[in-house]
K.L.:
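Please read through the structure below; I'll follow up with questions.
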Amino acid sequence: MAKIKKDTNLRKAILQAAITGQLISNVDGATETGKQLLDRIIEERNAKLLADWEEAKKKNPKAKKPTPIVASEIAEDEIPFEIPKSWCWCRLGEICNEIKRGKSPKYAEKSDYLAFAQKCNAKTGEIDLGLALYLDEKTIGRYSEEDNLIQGDIVINSTGGGTMGRVGYYETKVPAGIKGVYPDSHVTVIRSIGNLNQKYLYYFLKLNQPILEKCGTGSTNQTELKPAVLSNFLIPLPPLAVQNAIVAKLEEVLPLVDAYENAVLQKEELKTTLPDKVKKAILQEAIQGKLTESWRKTATIEETGKQLLDRIIEERNAKLLADWEEAKKKNQKAKKPAPIVASEIAEDEIPFEIPESWCWCRLGEIINYKMGKTPPRAESEWWGTKEGTPWISIADMVSDGYINTTKETMSSKSVKEIFNNNISKAGTLIMSFKLTVGRVSILNIDATHNEAIISIFPFIETDNILRNYLFKILPIISQNGETKDAIKGKTLNSSSIYNITLPLPPLDEQKKIVEILEQMLPLCEKLRG
């Protein structure tokens, strides 16, 4: 069987949407246009050139005055696509302080310095300093301080041999004891002036990597991607606030795309199950806090998952006491309830690590639930006509969907005598726990259901945030941890439902997780064709 190549079409489509202004619309704080930003960058670059010249004149009065940088004229036939009005086209060399090749190194067996070679810009898209060779310390004097790679540098392989044009982003932990990392002569470093989001430049160049791979000049044996070619490369320049928003959105979405792209490397026979595998991979990332990793870096956590759990238990205990006080009015011997305490969760119950601001809890600690019933089949009086109260079986539950209709209904007699008028209202989350374990739906109608389904009622609810979080994660959570053995028997019971362990993020993060999943999960369905 032929080796399956990684499908990068989705990634390309998302990056293309980003650099054409379709991924991000209105952005708060975008008061400066791309053209104004370009003018400011050029003004600051010219000021620095003059300052450097003035400094150089102190040592050499004949130092040549630099030619001022001027924004290039860009012909209409050079422009490859339309961009928003607040953006502008420019050339890469106009907005970067450096587009500079490294130097030919001299190697050593061991030293405190590394030579960054093309192979360090790995095919996987990562930077691998484990492939770097040691640089002879006697030659360090050949390098300036600016030659040392810094976090956020863009590195581009610049000579032939199958890797020319490969783009990498230097965001790498330097090994202990290493004082500097210097690019060799086969690598070009791009470094902006500081008024740009360097990652925006990286994503733009990464999208254009196939073009860069063909921009080399020279002989077949030594094709080179020269700095002058890179300097002349056209780039759409958004306002800085838009650049930041584009990068933030890409860093939310691209990890999910990576999960998808890695999944499509599966064997051909997995094609029919691929959408579910990708979906499962995305959900697994969600419940481990990986989808919201970049969000947490800027978010203010006002209430952690543990504080949320403590608040839920505190309110539950307060209600138990209030109900007991009410019961005592009718029966002075009513037993005082034992306070609810968060369960101890053993280490072997925890399947993976979660962020510090999250906590592990049991499903039964944060929800109430009720089981359904099935009236006698032999007696038609229990069953309704078309106008009866909807009654849900697992067959009515569209996987991860919403219930609008049911195949069967209950009579008013059944609702009153069997269900004690206890109907689940529209908006209720339901989950199957027999046969098809972990299928969830949200009711768009008032309804009853059978005994293989539970209605779920979160103890604390704000704008259905916890309900929506459980709606997204229960299908995968119900197949982890303690429920695994139950699934083998194709059923859960009251105890195993209560004891399902799940990660509990802060409420704001629950909301963010749901937002991201609602963007990405529909893409999985599109894979079904």
Side-chain angles (χ1 to χ4, degrees), residues 275-276 278-280 282-283 286 363 367-377 380-459 461-479 492 497 510-511 513-529:
D276 292 330
V278 177
K279 179 179 176 181
K280 185 175 180 180
I282 291 172
L283 288 170
L363 181 63
I367 65 160
N368 260 329
Y369 60 92
K370 70 176 181 184
M371 296 181 180
K373 298 176 183 177
T374 299
R377 285 284 181 186
S380 60
E381 63 181 327
W382 302 111
W383 297 88
T385 61
K386 210 170 186 180
E387 290 74 30
T389 299
W391 179 83
I392 302 165
S393 68
I394 293 175
D396 294 309
M397 296 178 68
V398 179
S399 184
D400 298 346
Y402 292 81
I403 294 180
N404 297 298
T405 60
T406 59
K407 295 179 180 66
E408 297 180 277
T409 63
M410 298 285 92
S411 66
S412 57
K413 176 181 172 70
S414 183
V415 170
K416 182 179 179 180
E417 297 183 19
I418 292 181
F419 291 92
N420 297 318
N421 292 319
N422 193 356
I423 297 173
S424 295
K425 298 295 184 181
T428 300
L429 174 65
I430 62 173
M431 182 181 81
S432 59
F433 66 97
K434 294 182 180 179
L435 300 176
T436 309
V437 174
R439 180 174 290 182
V440 295
S441 295
I442 290 177
L443 302 183
N444 277 343
I445 52 174
D446 295 350
T448 59
H449 52 76
N450 70 16
E451 69 279 5
I453 298 169
I454 56 171
S455 287
I456 293 173
F457 308 98
F459 279 110
E461 195 52 288
T462 304
D463 298 328
N464 289 323
I465 293 175
L466 181 53
R467 182 203 70 177
N468 293 341
Y469 172 69
L470 294 174
F471 178 46
K472 296 296 184 186
I473 70 156
L474 277 176
I476 191 165
I477 287 293
S478 61
Q479 296 174 41
L492 299 177
I497 291 170
Q510 292 178 33
K511 185 177 180 180
I513 288 169
V514 170
E515 286 176 4
I516 295 173
L517 290 176
E518 286 181 346
Q519 288 177 348
M520 296 307 300
L521 293 183
L523 296 176
C524 300
E525 295 307 313
K526 288 184 179 180
L527 294 177
R528 300 184 192 277

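FYI, side chains are in, hydrogens and waters are out, and symmetry mates aren't considered; it's all heavy atoms of this structure.
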K.L.:
Can you tell me how far apart CG (Leu363) and CG (Leu470) are? Round to the nearest 0.5 Å.
P.N.:
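Answer rounded to 0.5 Å: 6.5 Å.
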K.L.:
Which value, rounded to the nearest 0.5 Å, describes the distance between Leu443 atom CG and Ile430 atom CD1?
P.N.:
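One gets 5.0 Å once the value is rounded to the nearest 0.5 Å.
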K.L.:
Using the rule given for side-chain contact (heavy atoms from CB on, under 4.5 Å), can you reason through Lys472 versus Ile513, listing the C-alpha separation, both sets of side-chain angles and the distance that settles it, and then say yes or no?
P.N.:
CA-CA 9 Å; Lys472 296 296 184 186; Ile513 288 169; 5.9 Å; no
K.L.:
Output yes when a side-chain donor or acceptor of Lys370 lies under 3.5 Å from a complementary backbone atom of Asn422, and no otherwise.
P.N.:
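Yes, because the side chain of Lys370 sits within donor-acceptor range (under 3.5 Å) of the backbone of Asn422.
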K.L.:
Looking only at heavy atoms, which two atoms of Asp396 and Trp391 are closest? And how far apart?
P.N.:
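Between these two residues, the closest heavy atoms are OD2-O, 3.5 Å.
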K.L.:
Show which side-chain atoms of residues 413-421 pair as donor or acceptor with protein atoms under 3.5 Å away, not counting sequence neighbours.
P.N.:
unit_1 : atom_1 : unit_2 : atom_2 : d
Lys413 : NZ     : Glu417 : OE1    : 3.4
Lys413 : NZ     : Glu417 : OE2    : 3.3

K.L.:
In chain order, what residues pass the side chain to side chain contact (heavy atoms under 4.5 Å, CB included) check against Asn464, with sequence neighbours excluded?
P.N.:
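In terms of side chain to side chain contact (heavy atoms under 4.5 Å, CB included), with neighbours along the sequence ignored, Asn464 is linked to Glu461, Arg467, Asn468.
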K.L.:
Is there a donor-acceptor pair closer than 3.5 Å between any side-chain N or O of Ser411 and the backbone N or O of Glu381?
P.N.:
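A pair under 3.5 Å: yes.
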K.L.:
Using the side chain to side chain contact (heavy atoms under 4.5 Å, CB included) criterion, which residues pair with Thr405? Sequence neighbours excluded.
P.N.:
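Side chain to side chain contact (heavy atoms under 4.5 Å, CB included) list for Thr405, sorted by chain: empty.
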K.L.:
Given 3.5 Å as the limit, does a donor-acceptor pair link the side chain of Thr406 with the main chain of Pro390, or not?
P.N.:
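Looks like no, no N/O pair under 3.5 Å.
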K.L.:
List for me each residue that meets side chain to side chain donor-acceptor pair (under 3.5 Å) alongside Thr448, sequence neighbours excluded, and say none if there are none.
P.N.:
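Thr448: no side chain to side chain donor-acceptor pair (under 3.5 Å) contacts found.
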K.L.:
List in chain and number order the residues that pass ring pair (Phe, Tyr, Trp, His ring centres under 6.0 Å) with Trp382, two or more places apart in sequence or in another chain; answer none if no residue qualifies.
P.N.:
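Applying ring pair (Phe, Tyr, Trp, His ring centres under 6.0 Å) to Trp382 gives none.
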K.L.:
Could you pull out the closest heavy-atom pair between Ser455 and His449, with the gap in Å?
P.N.:
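For Ser455 and His449, the tightest heavy-atom pair comes out as OG-NE2, 2.8 Å.
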K.L.:
Within a strict 4.5 Å, meaning less than it, do heavy atoms of the Met410 and Trp383 side chains meet?
P.N.:
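In contact.
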K.L.:
Mind checking side chain to side chain donor-acceptor pair (under 3.5 Å) for Ser380 and listing every partner two or more places apart, or none if nothing turns up?
P.N.:
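Side chain to side chain donor-acceptor pair (under 3.5 Å) check on Ser380 returns nothing, list empty.
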K.L.:
Provide the closest heavy-atom pair for Ser441 versus Phe471 in the form atom of the first, atom of the second, distance.
P.N.:
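In terms of heavy atoms, the two residues are closest at CA-CE1, 4.0 Å.
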K.L.:
When you compare the side chain of Ile497 with that of Met371, does any pair of heavy atoms fall below 4.5 Å?
P.N.:
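Touching, per the 4.5 Å side-chain cut-off.
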K.L.:
Determine the minimum heavy-atom distance between Pro475 and Val440, stating which atoms define it.
P.N.:
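The pair with the smallest heavy-atom distance is CG-CG2, 3.7 Å.
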K.L.:
For Ala426, give me all partners under side chain to side chain contact (heavy atoms under 4.5 Å, CB included), at least two apart in sequence or on another chain.
P.N.:
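Result, side chain to side chain contact (heavy atoms under 4.5 Å, CB included) vs Ala426: Asp446.
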K.L.:
Mind checking what makes salt bridge (charged side-chain N to carboxylate O under 4.0 Å, His left out) contact with Lys373, not counting sequence neighbours?
P.N.:
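Lys373 satisfies salt bridge (charged side-chain N to carboxylate O under 4.0 Å, His left out) with no other residue.
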K.L.:
Could you measure the distance from the CG atom of Leu521 to the CD1 atom of Ile516? Nearest 0.5 Å is fine.
P.N.:
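Reported value, rounded in 0.5 Å steps: 11.0 Å.
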K.L.:
State the OH-CG distance between Tyr369 and Leu429, to the nearest 0.5 angstrom.
P.N.:
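That separation rounds to 14.0 Å.
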K.L.:
Applying side chain to side chain donor-acceptor pair (under 3.5 Å), name anything that partners Glu451, two or more places apart in sequence or on another chain.
P.N.:
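Side chain to side chain donor-acceptor pair (under 3.5 Å) check on Glu451 returns Thr374.
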K.L.:
Got a sec, which residues hit side chain to side chain donor-acceptor pair (under 3.5 Å) with Asn368, two or more places apart in sequence or on another chain?
P.N.:
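Asn368 satisfies side chain to side chain donor-acceptor pair (under 3.5 Å) with no residue once adjacent residues are dropped.
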K.L.:
Quick one: pull up CD1 in Ile367 and CE in Met431 and give me the separation to the nearest 0.5 Å.
P.N.:
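Between Ile367 CD1 and Met431 CE, I get 7.5 Å after rounding to 0.5 Å.
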K.L.:
Say you draw a straight line from CG of Leu283 to NZ of Lys280; how long is it, rounded to the nearest 0.5 Å?
P.N.:
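Output value for this atom pair is 10.0 Å.
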K.L.:
Between Ser393 and Lys407, is a side-chain contact (heavy atoms from CB on, under 4.5 Å) present by the stated rule, with each step listed?
P.N.:
CA-CA 8 Å; Ser393 68; Lys407 295 179 180 66; 5.8 Å; no
K.L.:
With sequence neighbours excluded, what pairs up with Asn404 under the side chain to side chain contact (heavy atoms under 4.5 Å, CB included) test?
P.N.:
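So Asn404 forms a side chain to side chain contact (heavy atoms under 4.5 Å, CB included) with Asn444.
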K.L.:
Using the salt bridge (charged side-chain N to carboxylate O under 4.0 Å, His left out) criterion, which residues pair with Glu518? Sequence neighbours excluded.
P.N.:
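Scan of Glu518 (salt bridge (charged side-chain N to carboxylate O under 4.0 Å, His left out), adjacent residues dropped) gives none.
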